[in-house]
Every structure is written in C-alpha cells, then in structure tokens.
Amino acid sequence: MKLVFEKSVPGRHTTMLPACDVEEVALPQALVRETAPALPELSETEVSRHYTELCQHVHGVNCGFYPLGSCTMKYNPRIDEEAANLPGFANVHPLAPAHTVPGCYEALDTARKYLCEITGMDDMTFQPAAGAHGEFTGVLLIKQYHESRGDTKRNKIIVPDSAHGTNPATAAMCGYQIVNIASAPNGCVDLDALKAVLGDDTAGLMLTNPNTVGIFDENILEITRLVHEAGGLCYYDGANLNAVMGVARPGDMGFDCIHLNLHKTFATPHGGGGPGAGAVGCKDFLAPYLPKSATMDGGNGIQVRGFAGNFLVVIKALAYVMTLGKEGIPEASKNAVLNANYLQAKIKGTFTPAFDRICMHEFVLDLSQYKKETGVSALDVAKSLIDYGMHPPTMYFPLIVHEALMLEPTETESKETLDWAADVFRQLYELGFKDPEFMHNAPHNAQISRPDEVRAARTPILRYQKG
C-alpha cells in the first residue's frame, strides 16, 4: 500500500476547526517558519480509509491466534483501558501537588501492595519503563547492596544459557562480568555447573522460572540456597510470571528482587515500542536502594525514570488484578499451563517437543530433525502459518534449541482454537514432505512475503524522503 504522503494531493483538506471567535494575534516573524511543514494533504474519507487499510494489514490478538512465546500476547480487557482513561488518572499533571491527587497516590500504593503479595516481595517501585529497564534497576539494587557493605570484590553475575537475551546485556551495563552456565539435559540449571562457578566474587544470579523452554526448575530452592551461601543475591526475571502468578511466589522461592512486565502479564498490550512498565519488587533489606522520586515518593535516591514511571500502565495492571481477584489470578495461570500442555500434546507425533515433559505456560518445538528430512526450516514453518491466519511463534529462541519454535497459547484461548492450531501444524508437517518448495516461498497471501530482514535491520528507512 502507498504511504500517506504518497496519497497526498496539494490543497486537499478537511475543515475541522470552528471559526475563530477571539482576536487573532500573529506570531513574531522570528518564530514563523520560512517554509510550510511537509504534511500530507487528504480529505477526511481518505484519512479514514488509509488507517483502516493499515489496520487490516496488522495481525493482533483481536484478529486471531497469537502464540508468541515468552511474550504473553493475551487478551487485554477493555475495562482496564477505561480505568486508565478516567479523567482523574489520564489528565493529572506529574507535578501536581500531592494533596490534589490523593487518588493517584492511593492507586499506586494499592497496586504496590497487591503486586508485592503476588510476588512475595516487601516493596516495589514503578519507575522502570520496560522489562529490560526493570532488569537494569534490579541489578543496580544488587550492586548497591554489595557496595554499601564494602564487598566490592563481587563483580560477577551468573546467567544460565536458557535466560532471556537481555539478562547478560543488563548485567554488563551495570559493570559486571557475565558467567554463563549450561543447562542440564532436562532443560533446567545444571547444579554442578552452578557450584563450579560460585565463589566470593559472585554478586548474584539472574534466573527466569519457569525458564525460557517452559520448565519450572525442580531444584529452584537448592539453586537460590547455593547462591545465598556464596554471598550472592538472586534476581528473578518476571517475563514468565504468567505461568505461576497466584500459585507460586518468587519471594518464596528464595529470590531477593524481581521485575514484572506489567505490559505483558498484567494486561497492557505490549509490542511496537510501548508503553510498558517494568515494576521492580524486592525484599526489605533491598528496599532502601529502590529508586525514589522526589515528587512521588518523597525521597532523593537514584532515579531511573521521571516521577512514578508510566503511571497509566500501572492503573491498567491494578484494574486487571482487581477484576480477576484472589481466585481469578491463579485461575489465569492454571489455564495458561493447561492450554500449553494441551497444545503440546496435540502437536506431538508430528513436530517434536525439545523437552518431552510437562511444561508450564509455553513449550519449545525442535525442528532440527524435520529440517534434515525435508529441508524445511523453522522459519519456513513460521512463515507458512501466516497463510492460515496465525501469528508465527517465536523463532530460533532459545539458542540452546536448534531450529526452535516457541509457543505460548495463553490462558484466554479456547479448546476449539487450540484444536484448530494443532491441525494447522499437522497439515504443515505433511506439506513439508510433499511440497517443501511451497513452504520455502511462504507466505503466499500476506501483504509482504519475505523481506530482506538483515538489510532492514542494518539500513532501515525511518523517514519519508519527498521525491
């Protein structure tokens, strides 16, 4: 489709503003542009059609199945959006005096209490703007704790190979050396490998549980005990909390701090750059090091973002938690786990699970043998799914599984949808043996088939150049 600039016709417009009923005052000449801004000129109908066409080319959770692993692209209830749009929340100024916005403070405090209860933490900050930003803040807590005790020799962070890619990057940004440990054959942390790297230079461990292959580590209490015995702290990446919220608490597993993706686990749609919220919770002994905004928290500690962070995202999370309640939160987790295991069982027999065992909220398929037999790659399968109206799952992640496809069906999908999805996978499995070339060229019905992704990443065109 054409860009809105390419549809522009000089002089075409839509009159939207009423006639001016006050005295007109001209800007000083020094403030007047020498040339008019290069804005598109279209009629109201053309603008409406342009954005409708754009909408039709986007696949979202309201369009069809969206099993993107580790990302929890689940249904986002409209009531949460309505709560965030209430004038008392949406129109408040971040510099408003505290006595004029008591409701905002109460909402933040209530969200803090609920989320601390869900995670087993004692305090929380909402400043971080996203998950990786929350990781950064959490590792800074660990760093401040060690430095405050004069324990500056602790300069290493342990990161399992099944961790999210941002974990090692975050620890490196905080000035730590990264110690990578391999997974055991069962997909969990290798205890012997962990013991071998622990020492008086260990600052902490960054861990996701359940991990990126969708397995709840059966040795989690032993893992956190070993790290604590060595004098390190345990950081919980909350990306997969969707599997255990309301059922198991990271704080009870032995973790000292945690970040939550409020924009994934607690209702706000994520993707496309935001807005997000990477709330960070911690145990009491780390609470003094939490970011404190002078305006919102009355403190003068470190700040990682202005004010209380993305306030309206917190409001959406609060509305989500209060809507589901004490019974609904664990029910959502249990249904997420049920759906993932059901879909994995339905697909098994065609594509092979990387770890053939009970999973949590997501699972990983290993297509390496399928590729050897057919020449069809995980990328080919993912692209082929688009022609069936399904968003592709996560491809080639985690790195410990070759030709990986990671699926997270989420708690909101019906049995009928999962049966349909499993049938699509079975059809594609058979098609790979019959007509691999057809799959090499998929998708066949999408607006864009196979762009040069390397070129797009390295030399993106980010603005329209007229002419």
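In this chain, numbering begins with 1 at the start of the sequence shown.
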Give a yes or no on this: more than 12 heavy atoms of other residues, nucleotides or ligands lie within 6.0 Å of atom NZ of K334. no

How are the rings of H133 and F136 set to each other: parallel, tilted or perpendicular (split at 30° and 60°)? parallel

Parallel, tilted or perpendicular, judged at 30° and 60°: which one describes the rings of F266 and Y320? perpendicular

Note, V364 side chain near F397 side chain (heavy atom, < 4.5 Å): no

Angle class for the F351/F425 ring planes (parallel below 30°, perpendicular above 60°, tilted otherwise)? perpendicular

Minimum side-chain heavy-atom gap Q344-D356 below 4.5 Å: no

In terms of relative ring orientation, are Y66 and H391 parallel, tilted or perpendicular, with 30° and 60° separating the classes? parallel

Is the distance between the ring centroids of F255 and Y235 under 6.0 Å? no

CG of D256 to OH of Y145: how many Å apart, nearest 0.5 Å? 8.5 Å

Out of curiosity, K348 NZ to N341 CG, how far, rounded to the nearest 0.5 Å? 9.5 Å

If you take the centroid of each ring, where Trp contributes its six-membered ring, are F438 and H444 closer together than 6.0 Å? yes

Do the non-hydrogen side-chain atoms of I142 and Y176 ever get within less than 4.5 Å of each other? yes

